[in-house]
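What you are looking at is a predicted structure, and each value in this text was computed from that prediction instead of being measured.
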Amino acid sequence: MAGLASYELWFYGGIAVMVLAGLLLALQTVLFLIKRQSIGRKLDEEYGQPQKYNIKGEGNQIWLQ
C-alpha cells in the first residue's frame, strides 16, 4: 500500500478526518449565519417580540400577560 506502514496510515487517516471535520464545521457555520436572519424574521412573525413586554422593576423582572 504505497509503502506506508499501518501506523502511518492511521496517522494520516486521522489527520484527514480532522481536516474533514474542520471543513464541515466551516460549512455549518456559513449555513447558520445565512439562515439566522430568516429564522429570526419567521419567529418574530409567529410569536411577536416578547422582550418588549419584559418590565424591569427594582431588580425583578415582571412578565405581563
Side-chain angles (χ1 to χ4, degrees):
M1 282 200 222
L4 296 176
S6 92
Y7 66 88
E8 290 177 325
L9 289 174
W10 281 105
F11 178 72
Y12 293 122
I15 291 173
V17 168
M18 287 189 286
V19 167
L20 179 63
L23 291 174
L24 290 175
L25 173 68
L27 177 66
Q28 177 186 4
T29 302
V30 168
L31 290 176
F32 173 74
L33 291 174
I34 291 171
K35 294 188 77 65
R36 177 176 61 170
Q37 293 173 348
S38 65
I39 291 172
R41 279 194 300 269
K42 187 181 291 186
L43 287 173
D44 282 344
E45 288 174 8
E46 291 182 12
Y47 298 106
Q49 295 183 358
Q51 63 269 21
K52 72 179 181 181
Y53 301 112
N54 186 7
I55 300 172
K56 293 182 181 178
E58 298 178 12
N60 297 325
Q61 292 183 351
I62 303 168
W63 290 91
L64 301 177
Q65 296 185 17

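The other members of the hydrophobic cluster of Leu33, by chain and number, are Phe32 (side-chain heavy atoms under 4.5 Å, ILVMFWY only). Other residues sharing the hydrophobic cluster of Leu25, ordered by chain and number and joined by side-chain separations under 4.5 Å: none, the residue standing alone. The hydrophobic cluster containing Leu31, built from Ile/Leu/Val/Met/Phe/Trp/Tyr side-chain heavy atoms closer than 4.5 Å, also comprises Leu27.
Under a hydrophobic clustering in which Ile, Leu, Val, Met, Phe, Trp and Tyr are joined whenever their side-chain heavy atoms come within less than 4.5 Å, directly or via other members, Met18 and Leu24 fall into different clusters.
For the atom pair CG (Asp44) and CD1 (Ile39), the distance works out to 12.0 Å, reported to the nearest 0.5 Å.
Within 6.0 Å of atom CD in Glu46, more than 12 heavy atoms from other residues, nucleotides or ligands are found, so the atom counts as buried in its surroundings.
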